[in-house]
Amino acid sequence: MKKLVALLLAVMFVLPAVALAGTVKLGFINSITGPEAPIGENLTNGVTLAIEDLKAKGIDVDLVKEDDTGKPDKSLAAFEKLATRDNVVGIVGPYTSATANADAKLAERYKIPVIIPAASKEEITRQGFKWVFRVSGTTGDYAGVLIDLATTLGKPKTMAILNENTDFGVSGAKSAKEIAEKKGIKVVFEEAYSKGSPDYRSTLAKVKATNPDLVFMVSYVADAILLMRQSREIGLSPMAFLGAGAGFSVAQFAKEKEISNGVFSSTQWTEEAPWAGSKAWFKRYVKQFGKAPTYHAACAYESMMIMGQAAAAAGGDREKTREALTTGHWNGILGEVRFQDYDGYQNQRKAVMLVEQVQNGKHETVWPLKDAVKKPIWPFPGWKK
Amino acid sequence: MAAQRCGQEAHLALPGLEKVTQFEGAGSKDHVPGQLTSLLLAPCSYFLYYMIVFFQSLISGILIGGVYALIGIGLTIIFGVMRVINFAHGDILMIGMYMTYFLFTVFHIDPFVSIVITIPLMFLFGAFLQKVFINRALNALPQNQILLTIGMGLVMSNTVMLAFTSDYKILTTTYSSSSVEILGISVSEPLVVSFAITVAITAALYWFLYKTDMGQAIRATAQDREAAQLMGINVKRMSIIAFGIGSALAGTAGALISPTYYIFPQVGSVFTLKAFVITVLGGMGSIVGATLGGVLIGVAESVGGVYIGSGWKDVIVFILFLLVLLFKPSGLLGTSKD
Amino acid sequence: MAILKIQRVSKFFGGLAANSDISFEVQQGMIMGLIGPNGAGKTTLFNCITGYYPPSRGEIVFYNKRMNGLHPDAVCKLGMARTWQKVRPLARMSVVDNVMVGALCRTNSLTKAREMAMEQIKVVHLEQRLDARAGSLPIGERKKLEVARVLATQPKLLLLDEVMGGLNPAESEELIQLILDVRKLGITQMVIEHNMRAIMRVSDRIVVLNSGEKLAEGNPREIVANKAVIQAYLGESDA
Amino acid sequence: MNMKSLTANIRGIATLPLLLTVAAIILLFLLPKFVTSTYALHIMILIFISVIMGSAWNILGGYTGQYSVGHAAYFGVGAYTTMILLQYRHIAPWYGVWAGVAVAVATGLVIGSICFRLRGPYFVLASIAVAEIFRVSALNLPGLTNGAEGILITEVPPFKIGNAVITDFMSKVPFYYIGLVIAIAVILATRLVQNSKLGYYFQAIREDQDAAHSLGINLTLYKNAALAISAIFTSLAGSLYGLYVGFIDPGTVLDLGLSVQIVMTCIIGGIGTVLGPMVGAVVLVPFSEALRSNMIAQALIDSGLVKEDSPIGTFLKEQLSHAHVLIYGILLVVVILFMPDGILGFIKKLLASKRKETA
């Protein structure tokens with residue numbers, strides 16, 4: 001045992017990290033295991049594709065992958081290791097809002113550029129940090145575009161908000177409430193549920209009793225399907241179901257067409273996104289990993305592409321990489337990306353959000369209208385018996 | 001558009017309520033028929049609304065409770081016979097879910113039919129766990145047993161994750177979201193079926209434990225291990241059988257819940273704690289108690305979710321649990337001496 | 001002087017009376033034997049006296065103090081200590097530590113407690129096993145350890161619950177000697193015992209319980225001659 | 001007085017181990033002067049926190065035998081009190097920490113009055129239930145705890161006496177020393193407890209509650225005393241964690257997984273011994289960190305034992321990162337089945353069997 005401990009200590013503290021010449025060393029923190037792992041996998045795959053594409057561009061990335069299991073303290077350890085032991089030039093990640101929030105502080109302390117691919121909590125880029133960049137849109141963006149759509153297509157007066165009781169869910173719900181009230185929509189029902197419960201029927205019955213025009217839900221993958229299944233059972237049938245990101249935008253959700261048809265969801269990227277190479281990238285992803293990518297994958301891909309190019313151009317210098325990120329702009333599967341300061345944000349991409357609607361078991365981009373592939377179906381057609 | 005909306009609302013089957021909400025949000029709809037009548041109807045419709053929400057939550061609670069009961073019964077048998085707190089119970093249930101999922105997607109066997117295969121396989125799996133792991137720790141300190149089962153749970157969920165990735169699997173049958181409406185209350189069809197199966201299995205188990213020699217031997221072991229040994233009962237064998245039965249029941253619960261729930265490697269943790277609460281609530285070792293406990297927890301979650309808030313459901317359940325522990329430590333139906 | 005007065009004590013479990021209406025007194029310095037067939041309510045009476053359960057009815061008076069409702073630890077502090085029918089060594093602690101736990105009832109100093117413990121260990125002749133784990137002792141030594149442990153709490157009244165149960169004749173003899181030695185220390189004892197020969201030898205007075213009721217009380221000779229007692233015991237062996 | 005036990009007693013504070021201990025402590029105090037790697041310091045701080053949590057649990061679980069699997073409650077209550085006071089009331093943490101301790105002890109006494117009436121598995125389950133009630137309540141009381149979003153502090157204010165800045169908390173070093181001091185304090189406290197009436201009474205309760213009760217031990221009093229000591233240090237660990245990481249939410253500081261981890265540290269090291277939790281922490285923290293960051297695979301590849309592009313190499317690199325929790329689980333099962341008394345107990349047994357061989 002002592003020998004093992006000694007070996008471990010040696011590995012951790014003493015052995016210098018081997019730096020390969022002619023390459024850029026980057027770090028990637030992600031939730032590879034733990035409860036966030038299902039979505040984490042999308043990020044990993046996106047980054048894998050980015051590394052291939054960077055290589056094709058002549059940029060060899062020596063990537064150090066770290067698992068944070070979705071916990072802030074583990075994420076800090078990973079960051080610490082990447083920043084000090086592995087001496088990476090820049091870091092992409094972590095995935096969740098909670099871990100991103102914790103890591104952002106360290107980025108400032110170690111002066112190491114970080115691109116946050118998919119965490120959407122607003123505060124992350126509102127703390128005056130110089131080294132934290134975010135590709136992901138914010139929870140406000142998610143809610144904003146959906147409510148835009150709803151107020152353009154109809155005249156909703158009331159809205160019910162149902163969100164899972166997590167950082168993601170709560171901040172999403174907060175943004176939604178704010179924006180809705182600004183637009184004169186009355187929030188008649190608000191509840192945070194604890195995720196993973198097999199039975200939401202009673203909560204949905206309460207929602208139904210308030211008879212809202214819009215039902216706005218924030219939820220991860222599996223609960224989204226459950227919520228819709230049980231909405232159907234209960235006969236909850238508002239003017240529109242709005243789902244903010246995550247659970248409502250995955251292909252699995254669309255496949256359950258009995259319950260998902262007509263549901264709107266906001267997202268940062270789709271197969272039909274109006275940006276160069278989206279479709280091809282989608283196909284490549286499906287071919288390589290055997291399943292459809294979510295926007296998380298696209299965001300992670302783009303983040304790594306940007307970080308790789310910026311770091312390579314800066315010759316592996318952290319400060320220069322940061323400058324490159326602040327001033328540069330990139331064109332990829334997310335369209336043009338710039339990191340800007342606006343509305344109290346710093347180094348935040350102004351995300352162009354899209355709205356998809358499930359039509360015939362498939363997510364179709366329906367908003368903004370100029371980029372729409374299909375016409376949005378409005379209002380919710382009701383449940384088929 | 002307005003007409004369309006109204007057409008939709010018609011099937012709410014709550015004419016009175018409909019008018020009241022319209023009246024309250026005056027002008028929110030394009031037409032407001034008979035404000036006065038709706039005002040008169042208001043108390044009546046509010047009553048109706050409360051009744052419907054209440055019965056809706058009560059019925060879904062009872063139906064979900066049926067599945068909980070099955071999980072609880074499995075645990076009660078294991079705990080009763082071995083006094084081991086099995087923290088891997090939820091993970092065993094998870095294995096059952098995956099089994100059901102693959103039987104469905106690969107061999108197209110209906111989840112409710114597949115329990116015929118799941119039950120014996122899960123029994124063997126449980127027996128194996130008992131023989132290889134738990135048995136060695138039967139005389140260990142209780143905290144070691146807890147950690148052992150936690151470790152086993154980690155191994156199970158992470159092996160499954162390595163094998164099948166951490167993706168959520170959704171098992172969609174033609175009836176996954178079908179329901180029938182009775183007096184404005186919707187009743188989920190698959191839950192009704194699984195409830196019926198639960199009742200049948202519970203009855204069969206009851207018969208087994210009370211009417212067969214082996215059942216008697218298991219109950220004797222649960223009552224007093226040493227005495228049972230002195231009476232010539234093969235306690236080790238009974239333990240293996242008990243763990244097998246417990247696992248089979250957990251697996252069955254997994255199968256029954258699959259069509260209406262979702263499946264992922266860490267799904268077990270949701271159910272492990274619930275299983276303990278149910279078991280203690282009903283009285284350790286009491287089958288009828290666990291059944292009652294399961295239904296009670298289902299109803300407490302469901303009704304509590306409505307009237308106190310769905311975020312607080314778990315608190316309600318745990319407080320109920322502590323109250324029972326403190327004031328009726330032997331459980332609602334238990335006769336245990338400690 | 002009567003140091004312990006049991007006055008019309010009854011104990012019910014549910015509807016079942018484990019003790020009903022039992023009265024007797026224990027005099028200073030004596031050894032009181034408590035006998036009766038299995039299920040006669042002897043241990044229940046011990047439990048009532050030492051505070052494990054409150055008696056349902058009646059009073060227990062120790063040195064003119066009413067004991068009803070006191071917890072076992074308080075009972076011990078007042079000078080009444082008991083052993084257990086099924087020995088309860090503090091298994092993973094050493095012999096000396098076991099006895100020290102008893103002594104710590106009277107002192108807060110470990111050094112003092114150790115001295116007190118050593119004294120009692122000498123009384124029970126376990127000097128050779130000081131550092132042995134209590135759980136590893138053979139049954140006879142465990143019984144002695146238990147006696148040493150309660151002696152260390154400096155009791156005025158010692159309640160011994162079948163200290164000879166499960167022992168071979170030689171070991172029983174040692175314990176009989178021990179009980180007699182303890183009497184020499186001036187400690188009053190109340191002894192539950194199944195071993196009739198032993199109880200007749202050590203007891204100054206005997207109370208016989210049967211089915212929760214007091215059947216007889218007297219000195220050993222009287223008890224041996226008591227028809228009801230013989231009946232009860234024979235009845236038991238017939239069954 | 002018996003010679004054997006006297007010498008045994010002296011051996012307990014014999015000079016050689018004492019010297020070694022002092023040397024180790026001095027070394028630990030000097031460590032930040034030599035080790036500049038903040039990563040190493042980070043791991044050390046995590047080890048200290050783990051030692052504090054483990055030792056604190058050990059007093060209640062290891063010595064008194066009350067196997068609480070709900071210690072996250074005290075950890076979380078301490079962390080939350082300190083962080084709430086700092087963030088929303090602007091009360092400096094060196095006051096907040098003590099407020100945290102007070103709240104944790106008060107909480108402990110309430111929990112104790114409920115749970116200590118229960119024994120064995122029932123106590124374990126009740127302790128879990130109480131901790132879960134705290135977790136869910138923290139989620140649902142956003143006015144107090146900021147709910148699921150957690151509390152994020154940007155920086156810990158510098159510690160000043162008058163105008164003189166004693167520590168600025170900008171680097172890891174202050175946290176290192178605070179962790180080290182509390183860790184030493186908790187081990188010292190364990191030793192003091194072990195060699196006092198308290199320790200004897202705690203262990204008697206652990207071994208047999210009824211027997212202990214009959215020997216004049218007030219069970220409620222002493223169980224609560226053990227819980228209070230335990231809660232004090234667990235709460236300190238929680239506050240230190242919160243301030244150091246700068247972010248807490250119900251899912252991390254009030255999690256059932258944390259409670260399990262606390263118990264695991266003790267059991268792996270050796271339960272009911274002064275140094276057990278320390279051994280457990282020193283083994284578990286680096287081990288899980290090495291697994292998490294896939295360092296073992298990397299080391300095997302770097303050392304040339306396994307070629308990176310060989311199938312084994314790719315397997316290790318790609319799969320091991322997914323498998324670390326699995327390995328952790330397997331380790332747990334193996335330790336419990338084959339080293340039921342933890343690493344310390346295992347070593348003792350090895351030494352004893354060697355001694356037998358030589359004799």
Side-chain angles (χ1 to χ4, degrees), chain C residues 46-47 50-52 71-84 86-115 117-119 121-122 127-128 130-131 133-135 146 149-150 152-155 159 161, chain D residues 1-13 58 61-65 116-117 119 191-225 270-273 276 340-342 344-345 348-349 352:
Chain C
F46 261 33
N47 284 339
T50 50
Y52 277 84
H71 286 292
D73 53 308
V75 170
C76 174
K77 290 228 165 74
L78 288 173
M80 204 197 288
R82 70 170 299 179
T83 67
W84 302 83
K86 197 179 163 198
V87 276
R88 306 186 96 144
L90 307 173
R92 281 175 291 171
M93 297 171 80
S94 69
V95 165
V96 66
D97 286 349
N98 261 268
V99 185
M100 278 173 73
V101 170
L104 283 167
C105 177
R106 301 290 167 209
T107 173
N108 288 328
S109 145
L110 287 190
T111 333
K112 186 87 195 300
R114 186 175 291 271
E115 282 169 24
M118 294 306 295
E119 228 170 85
I121 288 174
K122 266 182 209 144
E127 297 96 321
Q128 302 306 313
L130 282 185
D131 292 319
R133 267 187 162 203
E146 205 154 78
R149 198 170 67 188
V150 287
T153 65
Q154 300 185 339
L159 295 95
D161 196 346
Chain D
M1 191 187 238
N2 179 284
M3 278 311 288
K4 213 169 146 199
S5 73
L6 191 69
T7 47
N9 199 28
I10 289 174
R11 216 188 301 137
I13 42 164
N58 194 29
Y63 283 95
T64 321
F116 282 145
R117 297 188 187 176
R119 294 185 183 185
R191 232 199 116 76
L192 282 176
V193 164
Q194 196 189 31
N195 294 318
S196 71
K197 179 170 176 171
L198 269 186
Y200 277 82
Y201 272 21
F202 287 172
Q203 292 182 60
I205 292 171
R206 174 187 71 197
E207 293 303 322
D208 192 322
Q209 297 201 25
D210 288 325
H213 209 174
S214 76
L215 291 170
I217 298 176
N218 183 335
L219 295 183
T220 319
L221 178 70
Y222 284 94
K223 282 181 186 175
N224 278 307
I271 197 171
T273 53
D341 294 320
L344 274 188
K348 254 185 218 159
K349 220 183 258 171

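First the proteins, then the strands, lettered A, B, ... as listed; each starts at 1.
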(request) Give a yes or no answer on whether the side chain of D:E207 reaches the backbone of C:P89 with a donor-acceptor pair at less than 3.5 Å. (result) no
(request) Over all heavy atoms of both residues, which pair between D:A211 and C:R149 is shortest? Give the atoms and the distance, please. (result) CB-NH2, 3.9 Å
(message) Please find the pair of heavy atoms, one from C:C105 and one from D:G216, that lie closest to each other, and give the distance.
(response) SG-CA, 4.4 Å
(message) To the nearest 0.5 Å, what is the distance between CG on C:L90 and CZ on D:R206?
(response) 9.5 Å
(message) Let's test your reading of the structure: which of C:M93, C:E146, C:M80 forms the most heavy-atom pairs below 4.5 Å with chain D?
(response) C:M93
(request) Identify which part of C:T83 has an atom lying under 4.5 Å from any heavy atom of chain D, answering side chain, backbone, both or neither. (result) neither
(message) Here's a test for you: under side chain to side chain contact (heavy atoms under 4.5 Å, CB included), which of D:N218, D:L215, D:I217 qualifies with C:D73?
(response) D:N218
(message) Are the side chains of D:D208 and C:W84 in contact, using a 4.5 Å heavy-atom criterion?
(response) no
(request) Could you tell me which portion of C:T50 (side chain, backbone, both or neither) has an atom closer than 4.5 angstrom to a non-hydrogen atom of chain D? (result) neither
(request) For the residue pair C:H71 and D:H213, categorise the inter-ring angle as parallel (less than 30°), tilted (30 to 60°) or perpendicular (more than 60°). (result) parallel
(request) Enter the distance from D:K197:NZ to C:N108:CG here, rounded to the nearest 0.5 Å. (result) 4.0 Å
(message) Using only atom types and a distance under 3.5 Å, with no angle test, would you say the side chain of D:Y200 pairs donor to acceptor with the backbone of C:L110?
(response) no
(request) Against chain D, work out which of C:L104, C:N98, C:V101 has the most heavy-atom pairs shorter than 4.5 Å and name it. (result) C:L104
(request) Select one option (side chain, backbone, both, neither) describing which atoms of C:R106 are under 4.5 Å from chain D's heavy atoms. (result) neither
(message) If we define contacts as heavy-atom pairs under 4.5 Å, which of C:G135, C:A74, C:A134, C:A91 has the most with chain D?
(response) C:A91
(message) Report which part of C:V75 has an atom under 4.5 Å of a heavy atom belonging to chain D: side chain, backbone, both, or neither.
(response) neither
